[in-house]
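Take a look at the structure set out below.
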Number of protein chains: 2
Amino acid sequence: MAGNLKEVAQRAGVSLATASRVLSGSPYPVSEELRERVMAVAEELDYVPNAQARALIVGSSRTVGMLVGEVGDPYFDAMINGVHRIAKEQSQLVTIVSTGRDPRRELDSFRLLQSHGASVMIVAGSGLDDPAYREGLAARIRSFSGTTVLIGRHEIDPEQRVLCVQADNLDGGRMLGEHLRALGHTRVGVVSGSSVVSSTSDRVRGLTEGLGVEPRVLEVGQTREGGYEGTRHLLDVDPDLTAIVGTADQMAIGAMAYCREQGLRVPTDLSVAGWNDIWVGRDLVPSLTTVHLPLEEMGEAALRLALAPQTAEPRAQTFPVQLVVRESTGPVRS
Amino acid sequence: MAGNLKEVAQRAGVSLATASRVLSGSPYPVSEELRERVMAVAEELDYVPNAQARALIVGSSRTVGMLVGEVGDPYFDAMINGVHRIAKEQSQLVTIVSTGRDPRRELDSFRLLQSHGASVMIVAGSGLDDPAYREGLAARIRSFSGTTVLIGRHEIDPEQRVLCVQADNLDGGRMLGEHLRALGHTRVGVVSGSSVVSSTSDRVRGLTEGLGVEPRVLEVGQTREGGYEGTRHLLDVDPDLTAIVGTADQMAIGAMAYCREQGLRVPTDLSVAGWNDIWVGRDLVPSLTTVHLPLEEMGEAALRLALAPQTAEPRAQTFPVQLVVRESTGPVRS
DNA sequence: GTGAAAGCGCTAACAT
DNA sequence: ATGTTAGCGCTTTCAC
């Protein structure tokens with residue numbers, strides 16, 4: 001049932017080498033006659049080449065590994081999409097492992113993918129503000145013979161052979177903060193993902209700058225439920241908050257759900273804003289004010305950069321973000 | 001920088017075999033002393049085993065291939081999630097390729113993943129009502145030495161060595177149809193995905209049965225935009241429709257968006273329902289009536305079944321679906 | 001133009 | 001308990 005090259009060669013009455021030259025698209029010359037004979041037999045036997053054996057020799061298997069925090073999180077899903085699009089275009093296979101943002105798991109997974117012959121590694125996981133993590137990641141990158149792309153802010157030795165793709169989260173935070181300030185908000189609550197993740201802490205930092213005052217930050221799980229529960233806690237502690245920001249749209253959606261249940265009108269009683277601009281944001285009622293990140297483009301850029309001929313090209317690419325003002329934010333009720 | 005087994009063995013002053021026995025977790029006996037020496041060297045060299053070479057010998061690489069219609073479609077994303085969860089649990093690597101529902105591409109991708117050593121293949125793509133496709137898929141499955149799991153209704157030779165996971169779409173359609181009929185709807189429009197996909201045609205068929213009358217079906221792209229445009233066309237052609245059903249929630253969301261823009265109130269002027277029960281459905285206003293499919297569970301079941309010892313166990317598993325009535329459907333305005 | 005043979009990194013008999 | 005050797009399926013010198 002298997003059918004390997006040797007068998008094809010035998011049945012076609014040619015040598016292993018010739019069969020290989022025909023089937024592997026080698027630029028080597030083979031007579032038309034033999035070529036056809038080999039092709040015919042391969043077809044008949046339904047020969048499927050063994051890419052692993054091939055990779056063993058040529059040293060590359062057209063495979064890219066991708067490390068994400070969580071499949072199912074719209075943030076990562078969008079980037080996965082972008083990566084997949086380029087992968088299809090360049091006939092690369094993508095193997096994704098979700099690390100649950102556990103640094104230990106992330107490092108292990110890097111090894112695993114490395115072991116399985118990935119020639120490009122896209123680390124979309126986190127970018128943790130944790131020295132041990134950073135050192136571990138640096139070590140992995142050093143021992144990796146392929147190209148590594150880091151998505152998000154990673155404080156990695158600039159001499160390191162890596163590519164970086166990131167969004168200007170700080171700027172996005174500022175814009176959102178200024179928007180809220182202009183609407184008169186001074187008592188703002190934030191339901192935030194883990195602040196060890198640098199992109200999250202950047203968001204909050206930017207927001208604080210734009211706002212001009214410290215918001216009340218609560219770290220919760222980066223899910224709809226996290227946003228829901230977090231909002232409840234924030235409002236319990238400080239019922240005078242006039243706005244809630246989620247560091248991811250799902251969380252803002254959770255916040256809005258809580259408001260709806262409590263009879264709080266958005267934005268009349270409370271303004272709500274999110275981050276990432278997931279597709280459904282504009283279909284909510286009220287539609288969601290958010291910071292747009294070009295996540296798909298970032299995913300595309302990640303793989304494209306990695307696959308591009310490694311010249312002294314820009315090794316880092318920062319994407320601008322955009323404030324998308326919709327209906328969920330409004331002036332403070334006087 | 002590479003560092004292979006041979007190098008480890010040499011530096012540790014042992015034979016290749018011994019190093020292998022230590023590092024590959026073979027049950028073979030090795031003295032404590034040598035074991036430690038090997039481990040130390042491996043650590044120091046940051047030795048990363050070559051899984052491809054290993055796979056070449058043991059014949060399996062703990063890798064599962066997954067074929068989906070489109071990464072980014074909430075329907076597939078949910079199943080991917082389920083698969084990933086089990087994969088993590090069983091330390092399997094998952095390689096996903098999205099086929100855009102193109103039968104040709106799906107078959108090619110199957111080969112590709114097969115070539116790359118997948119030992120389980122999960123086909124979540126489509127299940128097309130197309131003889132050529134069916135035959136092609138059957139051929140691929142036959143030549144595949146691993147286990148194949150088909151998600152969705154696939155009319156495959158029952159003697160074939162495959163596992164099946166599916167949802168009772170027909171039943172879901174009936175329930176939704178009856179629900180609408182009970183509310184008095186007789187003029188119903190459907191924005192539908194491609195009817196060549198058997199799960200889609202099952203949905204429409206069930207719906208028709210439950211409704212007791214033929215709905216007006218329009219095939220569009222299975223996206224929010226498809227639902228939006230489709231609804232416009234349907235209402236242009238027949239302004240007297242009292243309900244719109246999308247064969248996927250995104251399409252229903254598009255329909256609701258169109259209504260909102262046109263000043264049509266849901267469900268007062270028009271009822272809207274969807275399918276799949278994506279998480280955000282309950283956060284819409286009005287919240288979305290839909291048919292719940294246990295997509296994550298189905299993904300989990302797919303991989304779990306494939307990995308289970310292949311006894312004469314149930315080779316097929318059909319999941320019940322559930323009608324989730326929310327606010328977007330209501331009685332026909334009299 | 002074609003074939004024989006070496007070897008990619010590793011494991012599994014088979015000795016010892 | 002350890003080492004030697006023969007391959008896994010394939011590509012690639014190197015002869016012819």
Side-chain angles (χ1 to χ4, degrees), chain A residues 1-39 41-42 45-63 111-112 114-119 143 145, chain B residues 1-39 41-42 45-63 111-112 114-119 143 145:
Chain A
M1 190 126 291
N4 57 14
L5 231 207
K6 192 163 150 206
E7 201 176 330
V8 174
Q10 282 172 350
R11 294 229 202 178
V14 301
S15 74
L16 242 182
T18 304
S20 169
R21 294 201 259 255
V22 172
L23 263 13
S24 71
S26 138
Y28 239 79
V30 173
S31 73
E32 228 10 81
E33 194 204 328
L34 291 196
R35 158 163 268 114
E36 278 174 15
R37 233 158 65 201
V38 171
M39 301 273 260
V41 175
L45 250 53
D46 191 24
Y47 166 67
V48 178
N50 184 324
Q52 320 211 80
R54 174 170 220 278
L56 205 52
I57 294 176
V58 299
S60 152
S61 64
R62 300 188 82 70
T63 286
R111 273 187 90 92
L112 186 63
Q114 188 179 1
S115 163
H116 277 261
S119 46
S143 92
S145 62
Chain B
M1 191 126 290
N4 58 11
L5 231 209
K6 192 163 150 205
E7 200 177 332
V8 173
Q10 283 172 350
R11 294 228 202 178
V14 301
S15 76
L16 242 183
T18 304
S20 170
R21 293 201 261 258
V22 173
L23 262 13
S24 71
S26 139
Y28 241 77
V30 173
S31 74
E32 228 10 81
E33 194 205 327
L34 291 196
R35 158 164 268 114
E36 278 174 13
R37 231 157 65 202
V38 171
M39 300 273 261
V41 174
L45 251 51
D46 190 23
Y47 166 67
V48 178
N50 184 325
Q52 321 212 77
R54 175 170 218 277
L56 206 50
I57 294 177
V58 299
S60 150
S61 64
R62 300 188 83 72
T63 286
R111 273 186 91 92
L112 186 63
Q114 188 178 359
S115 164
H116 277 260
S119 46
S143 92
S145 63

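So that the names make sense, note that chain A is the first sequence line, chain B the second, and so on, each numbered from 1.
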Whole angstrom value for the distance that separates [atom2] of [N] from [atom1] of [X]:
X      : N      : atom1 : atom2 : value
B:H116 : D:dG9  : NE2   : P     : 17 Å
A:K6   : C:dG3  : NZ    : P     : 16 Å
B:L5   : C:dG7  : CG    : P     : 18 Å
A:Y28  : C:dG1  : OH    : C1'   : 10 Å
A:L45  : D:dG9  : CG    : P     : 14 Å
A:N4   : D:dT11 : CG    : P     : 12 Å

Between atom [atom1] of [X] and atom [atom2] of [Y], what is the distance when rounded to the nearest 0.5 Å?
X     : Y     : atom1 : atom2 : result
A:Q52 : B:T63 : CD    : OG1   : 7.0 Å
A:T18 : A:R37 : OG1   : CZ    : 9.5 Å
B:Y47 : B:M39 : OH    : CE    : 13.0 Å

What are the residues of [range], sorted by number, that bring a heavy atom to within less than 4.0 Å of DNA chain D?
range                     : value
residues 30-38 of chain B : B:V30, B:S31, B:L34
residues 51-61 of chain B : B:L56, B:I57
residues 10-24 of chain B : B:V14, B:S15, B:A17, B:T18, B:R21

Worksheet item: Do the side chain of A:Q114 and the main chain of A:S143 share a donor and acceptor less than 3.5 angstrom apart?
Response: yes

Worksheet item: With distance as the sole test, does A:S115 use its side chain to make a donor-acceptor pair with the main-chain N or O of B:P49 at under 3.5 Å?
Response: yes

Worksheet entry | A:L45 versus A:E7, closest heavy-atom pair with distance | CD2-OE2, 3.9 Å

Practice prompt. For B:A19 and B:A9, work out which heavy atoms get closest and say how close.
Written response: CB-CB, 3.9 Å

[Y] side chain reached by [X] side chain, heavy atoms, under 4.5 Å:
X     : Y      : value
B:D46 : A:R111 : yes
B:V38 : B:L23  : yes
A:R54 : A:N50  : no

Discussion item. Can you confirm whether B:R11 is buried at CZ, in the sense that more than 12 heavy atoms of other residues, nucleotides or ligands lie under 6.0 Å from that atom?
Written reply: no

